[in-house]
Amino acid sequence: SLGDRLDGVFKSLRGQGRLSEENIKDALKEVRRAFLEADVNYKVAKKFVAGVTEESLGEKVLTSVTPGQLIIKIVHDKLVELLGGQSRELAYNPRGITVWMMVGLQGSGKTTGCAKLGLRAKRAGRKPLLVAADIYRPAAKDQLRVLGKALDIPVFTTDDDAVRIAGQGLAYAKENEIDLVILDTAGRLHIDEELMGELQQMKKAVRPTEIMFVADAMTGQDAVKSADAFHQALGIDGVMLTKIDGDARGGAALSILEVTGRPIKFLGIGEKPADLEVFHPSRLASRILG
Amino acid sequence: VTGTPQFDDELFEEIEEVLIASDCGLETAAHLTGRLREVCEERKTMKATEVVEIIKEQMIVMLNGGSAPVDAVIDVTPKVYLFVGVNGTGKTTSIGKIGEHFRSAGKSVLFAACDTFRAAAREQLQIWADRSGADLVSGDDGSDPAAVAFDAVNAAKARGRDVVLIDTAGRLHTKHNLMEELKKISRAVDKALPGAPHETLLVLDATTGQNGVSQAESFGDAVGLTGLILTKLDGTAKGGIILGIRQRFGVPVSWIGVGEKIDDLETFDSREFIEALFA
Ligand SMILES: Nc1nc2c(ncn2[C@@H]2O[C@H](COP(=O)(O)OP(=O)(O)OP(=O)(O)O)[C@@H](O)[C@H]2O)c(=O)[nH]1
Ligand SMILES: Nc1nc2c(ncn2[C@@H]2O[C@H](COP(=O)(O)OP(=O)(O)OP(=O)(O)O)[C@@H](O)[C@H]2O)c(=O)[nH]1
Ligand SMILES: [Mg+2]
Ligand SMILES: [Mg+2]
C-alpha cells in the first residue's frame, strides 16, 4: 500500500531529526507511482503532485516523526476536496419537464444507468419515462423495454432518426403528464464527428436539464481524451462512474474531474437497477490511493 | 559522469511517458526503458530515431511467438470457442464479426447464447446470427447457461457445424459465484465434446487500464485463456495492457476489434500495433 511504501522511504532516515527536500521529493515520487498504478492519467498525476508539493515541504512534515502519515493525509485530503467539491444532486427542471441525457463511450453502462436513475426517481415519487434513442446497437430498444417493464416504468420507442426520437419522446412526455425524461443514447467514439454532431443536435432539440457522462471505472489513460471531447462538444453536467463493484482502482475519476471540472454524481455498483449509489469522495479517494 | 549526452535522459523519459500514456503500466514501461538504456549503451546508440526503433523491436519481440493462430484448423469438429470477459467489452459483437469471418472462409457456424441474464442479450446475438448466417442455440431467460452451452455443442455435432462460438454474460472477475458459473460452462462444454473449448478468448476493451491485467489473471486462473481479443482499437486508446499480459501470463492477442460493423475485425499484427502505439 502507499502507506507501506512511504514508510519504506522514511524508515532509512529515522532519527535524522529533520528531513531534506530530497527526502520529501522521493516520497512524492511514490505518490505519483500509486496514482499511475491506479490509472490516473500521467499528466493529471503530475499536476496533482505539484499541487501538494509546497505543503509537503512545510515545516510540519520536515520535522515530523511520522512524515509518511502526514503526507498521506495531505494527499488524501486534497483528493477528497477535488473529488467532492461540488453538489452531487441531479438537476430537476423547476418549471417544465426534466430531461436527463445519458452519453458516453460504447459499453460504459448508459442503458443500465437509465434504468437505475429511473428506479431512483420513481422511488422519490417522480414519473419517469425512458426514451430509447439508440438506433444503432442491435436490440438496444428491446434492452431498454425489458428493463423498463421489470420496473413498471414506461419506455418510449419509435422508428426515426435518433434526434427525432428524442424530440418525440419529449412530446410524448408532455402529452402524458410525465415530469421526467431519461434519454438513452448510443455509445459512440469521441472522435466520431458525425455521431458527436448527432448528440449536439439532440441537445438542441430537447434542451436537457442534465447531461450525464457515463464512464467505466476501469478506464485507463484514455479517460482524459474521451471526457474532454464529450465535454467540449456538449458541456456535460455530471458523471456516473460504473462498474465500481469490480477491483479497478478508479483513477479515471480524477482524470475526468480534472479535465471537465464536473462532479461525479453517481456510482454504478452492480448490474441491477437498484445498484446505484450517490458518490462518496472519501471512499474513492482511499481506493485510488490503494 | 557517464559520458552520455544530457539529451539521452530526456529521450528515455519521453519514451517512458509514451508507454505509460498507452496503458503499458509502470512496471512494463520501466522494464522496457531499462532494457532500452542497456542496449543503447552497448551499441552506443545516440540518434533518437534509432533509439525509438530499438524499443519498437523490443516490444514486437515481447508480443510475438507463442501459440498457433487462433483460427487454425484442428482435426476435431466442431471447433469450440468460448468468449469471456467483464461487462461491456464487446464479446457479443466480436462473436458476430468472427461468425462472419468463418462464414466467408467457408465454415458453418453455430452461436450459443449463454448470456441468459442480461436484458435482450439473446435478441442482440440473434441479430448477429442473422447477419452472419450462423445458427443460434439459446435458452429461456434466466436458464442455466451451462445447460445451453451443453445443448449448443451437441446441436453443432448433430448438425455437422464446423465452429461453435459461445457467448457468455459479462462478469466482473471479482464476483466469485459468477466465476464459478463460468467454470461450470467450460466443464459442460467439455462434457459435450471432450477437449472443448479448444479456444478460450478474453475480450478486453482497449480503453481498459491496469485492471486489464487482473482481469487476465483471474479469468486465466478460472478457465485458462488461449488468446485475447482487443476491442475498440478504432478509438484513441492504445491498448498497451496487452504487453504486460503477454509478459506475465503468456497470453497472445488473436483478433482486434476496430469498429461496430460486421467487417470491423482484424487479425492481430504486432508491428502494426506497436507502430500505432508510437504514432
Ligand atoms: N458490474 C457492473 N456491471 C455494470 C454496471 N453498469 C453496467 N453494467 C454492465 O455493463 C454492461 C454494459 O451495460 P450497458 O448499459 O448495456 O452499456 P451501454 O453504455 O448502454 O452500452 P452501449 O449502448 O453499447 O454503448 C452490461 O453487461 C451491464 O449489465 C455496474 O455498475 N456494475
Ligand atoms: N467502436 C467500437 N465499438 C465496439 C467494438 N466492439 C464492440 N463495440 C461496441 O461496444 C458495445 C458493447 O458491445 P457488446 O458486444 O454488447 O459487449 P459485451 O461484452 O457483449 O457486453 P455484455 O454482454 O453486456 O458484457 C456495443 O455498443 C458495441 O457496438 C469495437 O471494436 N469498436
Ligand atoms: Mg446502451
Ligand atoms: Mg454480450
Side-chain angles (χ1 to χ4, degrees), chain A residues 32-34 36-43 45-46 105-112 115 136-150 186-192 215-226 229 242-243 245-252 268 270-271, chain B residues 16-17 19-27 29-30 86-93 96 117-128 130-131 141 169-175 178 205-212 214-215 218 231-232 234-241 257 259-261:
Chain A
R32 175 180 167 269
R33 280 179 64 89
L36 291 178
E37 286 170 2
D39 290 323
V40 176
N41 179 271
Y42 75 103
K43 289 191 190 132
K46 216 181 215 167
L105 296 176
Q106 290 90 345
S108 63
K110 299 173 290 300
T111 305
T112 313
Y136 308 104
R137 172 176 159 142
K141 294 182 192 166
D142 294 312
Q143 186 185 5
L144 200 62
R145 257 196 228 110
V146 169
L147 288 172
K149 184 146 181 276
R188 66 204 63 213
L189 295 178
H190 50 290
I191 52 172
D192 187 325
D216 195 321
M218 61 184 98
T219 311
Q221 298 289 309
D222 197 58
V224 162
K225 290 211 185 91
S226 47
T242 62
K243 309 176 203 171
D245 45 318
D247 59 359
R249 296 267 291 277
E271 295 193 66
Chain B
E16 193 169 28
E17 271 192 356
L19 298 180
I20 290 174
S22 308
D23 287 314
C24 292
L26 270 179
E27 221 182 280
V86 303
N87 307 72
T89 56
K91 298 175 290 302
T92 306
T93 307
F117 167 76
R118 219 206 61 219
R122 178 192 45 238
E123 285 74 8
Q124 183 188 9
L125 191 62
Q126 180 68 65
I127 291 172
W128 284 110
D130 297 342
R131 286 178 180 175
D141 290 341
R171 69 202 66 221
L172 295 183
H173 50 290
T174 46
K175 312 231 159 148
L178 295 183
D205 188 324
T207 63
T208 308
Q210 295 312 300
N211 195 250
S214 76
Q215 291 173 26
S218 301
T231 61
K232 309 180 196 173
D234 46 318
T236 51
K238 303 287 184 171
I241 45 167
E260 302 190 68
K261 304 203 282 313

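Being a predicted model, the structure only gives us computed values, none of them experimental. Numbers restart at 1 for each chain; the letters A, B, ... are given by sequence-line order, proteins then strands.
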Tell me the closest heavy-atom pair linking [X] and [Y], and the distance in Å.
| X | Y | answer |
| --- | --- | --- |
| A/K243 | B/L172 | O-CD1, 4.2 Å |
| A/Q221 | B/I20 | CG-O, 3.2 Å |
| B/L26 | A/R33 | CD1-O, 3.5 Å |

Counting only heavy atoms closer than 4.5 Å, note whether [X] contacts chain B via side chain, backbone, both or neither.
| X | result |
| --- | --- |
| A/K225 | side chain |
| A/D192 | neither |
| A/K46 | side chain |

Structural part of [X] lying under 4.5 Å from a heavy atom of chain A:
| X | result |
| --- | --- |
| B/R131 | side chain |
| B/D234 | both |
| B/E27 | neither |

- side-chain contact (heavy atoms from CB on, under 4.5 Å) involving A/D142 - partner list, sequence neighbours excluded: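 Residues passing side-chain contact (heavy atoms from CB on, under 4.5 Å) with A/D142: A/A139, A/R145, B/A120, B/E123.
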- Sequence-distant partners of A/A223, side-chain contact (heavy atoms from CB on, under 4.5 Å), two or more places apart: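 Expected list: A/T219, A/A252, A/S255, A/I256.
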Under a plain distance cut-off of 3.5 Å, with no hydrogens placed, do [Y] and [X] share a side-chain donor-acceptor pair?
| X | Y | value |
| --- | --- | --- |
| B/T236 | A/D222 | yes |
| B/N211 | A/D39 | no |
| B/Q124 | A/Q143 | no |

- Query: So A/Y42 and B/E17, side chain to side chain contact (heavy atoms under 4.5 Å, CB included) or not? Walk me through it.
  - Reply: CA-CA 8 Å; A/Y42 75 103; B/E17 271 192 356; 3.4 Å; yes
- Task: Look at A/L189, A/V146, A/L144 and state which one has the largest set of heavy-atom pairs under 4.5 Å with chain B.
- Result: A/L189
- Message: Just so I understand: if I count every heavy-atom pair under 4.5 Å between each of A/S226, A/A229, A/A150, A/G246 and chain B, which residue has the most?
- Response: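 Looking at each of A/S226, A/A229, A/A150, A/G246 in turn, A/G246 comes out on top.
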- Message: As a quick check of understanding, evaluate side-chain hydrogen bond (donor to acceptor under 3.5 Å, both in side chains) for B/Q210 and A/E37, giving each step before the final call.
- Response: CA-CA 7 Å; B/Q210 295 312 300; A/E37 286 170 2; over 6 Å; no
- Salt-bridge present (A/E271, B/K175; N to O < 4.0 Å): no
- Among B/T208, B/V86, B/D205, B/T93, the residue with the most heavy-atom pairs under 4.5 Å to chain A is B/T208
- Going by heavy atoms in the side chains, are B/H173 and A/D247 under 4.5 Å from each other? yes
